2 protein chains.
Amino acid sequence: MSGVLVRDRRAERRQATIDEILAAAWDLVREEGVAALSVRGLGARVGMRAQSLYVYFPSKHAIYDAMFAQANTELLGRLQDGPEPGDPITSLHRRARVFVEFCTEDPARYQLLFQRTIPGFEPSEESYAIARQVLDTTRQALGRAGLTDDAHLEVWTALTSGLVSQQLANDPGGTRFVRHLDEVIDMYLSHIKRQGRRK
Amino acid sequence: MSGVLVRDRRAERRQATIDEILAAAWDLVREEGVAALSVRGLGARVGMRAQSLYVYFPSKHAIYDAMFAQANTELLGRLQDGPEPGDPITSLHRRARVFVEFCTEDPARYQLLFQRTIPGFEPSEESYAIARQVLDTTRQALGRAGLTDDAHLEVWTALTSGLVSQQLANDPGGTRFVRHLDEVIDMYLSHIKRQGRRK
DNA sequence: GTCTATATCCAGATAGAC
DNA sequence: GTCTATCTGGATATAGAC
């Protein structure tokens, strides 16, 4: 066996560089938009020639993919952060608020994660698995509130992301649309409750 | 005065070429995505060198702008097409259906019109005026149903475009999200009605 | 009105020296 | 691990001949 050393200083150094590159990539897309990310520009940011980046990422799409995974991991963490409220309704409100905050604070990130707008980019299976985890926790949170159908999940995501996408497209940096979040959620929850009673 | 001739054959020919170029541009973005539109590729489509297109459009953004105007005009026409239903509620349902159909049948067009994702492109004042007209007719249609606040318009657009954007991003070509359109609209309308009664 | 020629610049990616 | 050098191909746009 080769596992004598617990730490691999080489691997650690490499990972640190990768993280640095990704951080620079986020800066870049926040400033110029996701579509504007270029290997050259990214290299310039981290003080390298563009070609040297290929030591860390095999292609530009691989960089997008790492960013996709990183952002989904961040979102998953935020959604699970803190104590779970006992009341499932409160929990849904809180999750929605976290989601909206996450999306509106970085439009470029939103574009990368939720709009299919980068030509030729599709997340890898591993990265997409994280996105699926996020959706699963949403499904579970809805389930605890008694919303167990696929239809519930579909409408729920449409309501929340509808407010977000309108906010980003028509009043970036403002609150004209997302300010209706709690009202829309309450409307939907009572709508479902009423439906249940009618059965 | 120079207006002796009623028809200007030269101008007609020119307009026909412009229309032909725009039609080719739509084909191209439908196939490759809005971001992939290039003057070279467009020239190849219409059987010209790229440089010749500059006789008809001063820049690539001008082409985007003409497409933006054209698509909004098309949408405006469809929304006003046919007899206005006497019942304002029926009218709202019909408008929403037309809008959803318009958006889902051409994702590239949706991206150009409603997502702010083309780097550096902003519609001209004239083109944007048409988009504002579309929104105005929506405002009026809501008004006839008693929804007269800005908040109503904001929530209304968030609901409809939320279903559309989820549809396009997660089930393009399908109906998993937009199938809930009528239910969501009815939910919102009764929500507003209930609010009115409570006052 | 379309062409050739050209300017300028940028992209992603690979080979191989050090 | 980073560099130089290079390949290949793309982009938008302008000048001027025909």
Side-chain angles (χ1 to χ4, degrees), chain A residues 7-25 27-29 31-68 108 112 117-124, chain B residues 7-25 27-29 31-68 108 112 117-124:
Chain A
R7 289 176 56 189
D8 182 341
R9 306 190 73 93
R10 251 226 261 272
E12 282 175 13
R13 187 75 199 89
R14 184 180 161 83
Q15 189 56 49
T17 306
I18 287 176
D19 290 343
E20 195 191 331
I21 292 168
L22 288 178
D27 284 347
L28 235 162
V29 299
E31 288 167 26
E32 316 272 350
V34 261
L37 180 65
S38 77
V39 185
R40 266 140 107 117
L42 182 53
R45 283 254 165 171
V46 294
M48 280 182 194
R49 296 283 99 134
Q51 302 91 313
S52 302
L53 294 179
Y54 286 86
V55 173
Y56 303 98
F57 297 95
S59 72
K60 185 187 174 178
H61 276 5
I63 299 175
Y64 278 135
D65 194 57
M67 294 171 80
F68 183 91
L112 176 65
T117 184
I118 301 170
F121 170 64
E122 259 194 292
S124 65
Chain B
R7 289 175 57 188
D8 180 342
R9 304 189 76 91
R10 252 227 258 273
E12 281 175 14
R13 189 76 200 88
R14 184 181 162 83
Q15 189 55 49
T17 307
I18 287 177
D19 290 343
E20 196 192 328
I21 291 168
L22 287 178
D27 284 348
L28 234 163
V29 300
E31 288 166 28
E32 316 272 351
V34 260
L37 179 65
S38 76
V39 185
R40 264 140 106 120
L42 182 53
R45 284 254 165 170
V46 294
M48 280 183 196
R49 297 284 99 136
Q51 301 91 313
S52 302
L53 295 179
Y54 286 86
V55 173
Y56 302 97
F57 296 95
S59 72
K60 186 187 174 179
H61 276 5
I63 299 175
Y64 278 135
D65 195 58
M67 295 171 81
F68 183 90
L112 177 65
T117 184
I118 302 170
F121 170 65
E122 257 194 292
S124 64

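Throughout, a chain's letter reflects where its sequence line sits, starting with A, and its residues are numbered from 1. On a predicted model such as this, the values are computed, not experimentally measured, just so you know. Only heavy atoms go into these numbers, but all of them, side chains included; no hydrogens, no water, no symmetry mates.
- Following rounding to the nearest Å, Y54(A) (OH) and dT6(D) (C1') show an atom-to-atom distance of 14 Å.
- Within 4.0 Å of Y56(A), counting heavy atoms only, lie sugar-phosphate atoms of the nucleic acid but no base atom.
- Both V39(A) and A50(B) lie close to DNA chain C; mapped to their nearest nucleotides by heavy-atom distance, the more 5′-ward contact belongs to A50(B).
- Using a 4.5 Å cut-off on side-chain heavy atoms (C-beta onward), Y56(A) and I63(A) make no contact.
- Between R40(B) and dG10(D) there is no side-chain N or O to OP1 or OP2 distance below 4.0 Å.
- The local environment of CD in Q15(A) is crowded, with over 12 non-hydrogen atoms from other residues, nucleotides or ligands closer than 6.0 Å.
- V55(B) comes within contact range of at least one nucleobase, with a heavy-atom separation under 4.0 Å.
- For F57(A) and dT14(C), the CZ to C1' distance is 19 Å, given to the nearest whole Å.
- Atom CZ of R45(A) is separated from atom CD1 of I21(A) by 14.0 Å, given to the nearest 0.5 angstrom.
- Heavy atoms of L37(A) sit under 4.0 angstrom from primed sugar atoms or phosphate atoms, though from no base atom.
- Following rounding to the nearest Å, M48(B) (CE) and dA13(D) (P) show an atom-to-atom distance of 17 Å.
- The side chain of S52(B) contributes no N or O atom lying less than 4.0 Å from OP1 or OP2 of dG1(C).
- Rounded to whole Å, the distance from CD1 on I63(B) to P on dA13(D) is 9 Å.
- Residue-level contact check: S59(A) touches the backbone only, with heavy atoms under 4.0 Å from sugar-phosphate atoms and none from bases.
- Distance CD (Q51(A)) to P (dT14(C)): 12 Å, rounded to an integer number of Å.
- The NE2-C1' distance, from H61(A) to dG12(C), rounds to 11 Å in whole Å.
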Show your working on side chain to side chain contact (heavy atoms under 4.5 Å, CB included) between V55(A) and R14(A) and close with a plain yes or no.
CA-CA 10 Å; V55(A) 173; R14(A) 184 180 161 83; 4.0 Å; yes
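- Ranking dG1(C), dC3(D), dG12(C) by closeness to the R49(A) side chain, first place goes to dC3(D).
- Nearest heavy atom pair, residue H61(A) against residue G120(A), reads NE2-O, 3.2 Å.
- Note: CG (L53(A)) to P (dG12(C)) measures 10 Å, nearest angstrom.
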